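This structure is a prediction, so every number in the text was calculated from the model and none was measured. Note: hydrogens, waters and symmetry copies are ignored here, and every other heavy atom, side chains too, is used.
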Amino acid sequence: MLRKCFPEKKGFCPVVEAKNYACVFITHDLQYRYGEVQKLKRHNDSDEVFALVSGYATLLTMVDGVFTETPLEKGCAYVVETGTWHALAVSEDALLFVTENGDVIPEHSDILSLESPYFLADPN
């Protein structure tokens, strides 16, 4: 059987949710906007793989207190390893395909509120 999938809403939109993995689309939404990043998250039990399909997007990661901005390129997969603090910003026309463990739930993730917001500039 073959099933065609597309994002049915803005933001985080599950495509496949299974016991061992989940595949989702991400599109522009308030939580994924460029500007002030006030919170980062990390998953304690899962890597997270991002693939940019259209538009543009930037991953912000923090390791040992050092921030890194990574503009995503189409045709590449980006793995945010388990335990890495991160945030995502996407353009209004962006579409990303994301894969992670199927049990990535709030209880398996941490949220870090930044003392001073990090400004992530829109590259366009």
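- Note: Ser116 OG to Gln38 CD = 10.5 Å, rounded to the nearest 0.5 Å.
- When hydrophobic clusters are built by joining Ile, Leu, Val, Met, Phe, Trp and Tyr residues whose side-chain heavy atoms come closer than 4.5 Å, directly or via intermediates, Tyr32 is not grouped with Leu40.
- Gln31 CD: more than 12 foreign heavy atoms inside a 6.0 Å radius.
- Inspection of the Thr58 and Tyr34 side chains reveals an N or O donor paired with an N or O acceptor under 3.5 Å.
- Between Ser109 and His43, the side chains place a donor N or O and an acceptor N or O closer than 3.5 Å (distance only, hydrogens not considered).
- Arg42 places none of its side-chain heavy atoms less than 4.5 Å from the side chain of Thr84.
- Between the CG atom in Leu96 and the OH atom in Tyr56 there is a gap of 12.5 Å [rounded to 0.5 Å].
- Residues Met62 and Phe67 share a closest heavy-atom pair of SD-CZ, 3.7 Å.
- Minimum interatomic distance between Tyr78 and Glu73 (heavy atoms only, all atoms of both residues): OH-N, 2.9 Å.
- The pair Asp29-Lys10 does not meet the salt-bridge criterion, since no charged nitrogen lies less than 4.0 angstrom from a carboxylate oxygen.
- Of all heavy-atom pairs between Lys74 and Ser54, the closest is CE-CA, 3.7 Å.
- Atom CD of Glu92 has 12 or fewer neighbouring heavy atoms from other residues, nucleotides or ligands inside a 6.0 Å radius.
- In plain terms, the two heavy atoms of Gly55 and Leu52 that are nearest each other are O-CD2, 3.6 Å.
- Cluster membership for Val80 and Leu72, using ILVMFWY side-chain heavy atoms within less than 4.5 angstrom, is shared.
- In terms of hydrophobic clustering, with Ile, Leu, Val, Met, Phe, Trp and Tyr side chains grouped at heavy-atom distances under 4.5 Å, Val79 and Val98 are assigned to different clusters.
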Quiz prompt | Full working for side-chain contact (heavy atoms from CB on, under 4.5 Å) between Thr70 and Phe50 | solution = CA-CA 12 Å; Thr70 303; Phe50 295 85; over 6 Å; no
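- Note on Leu120 and Leu114: same hydrophobic cluster, where clusters join Ile, Leu, Val, Met, Phe, Trp and Tyr whose side-chain heavy atoms are under 4.5 Å apart, directly or indirectly.
- Of all heavy-atom pairs spanning Ser46 and Thr82, the tightest one is C-OG1, 3.0 Å.
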Exercise. Apply side-chain contact (heavy atoms from CB on, under 4.5 Å) to Lys41 and His86, showing your working.
Key: CA-CA 5 Å; Lys41 66 179 175 179; His86 64 284; 3.7 Å; yes
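- Considering every non-hydrogen atom in both Leu95 and Thr27, the closest pair reads CD1-CG2, 3.9 Å.
- Results of the side-chain contact (heavy atoms from CB on, under 4.5 Å) test with Glu69 over Leu60, Thr61, Leu59 single out Leu60 as the only residue that passes.
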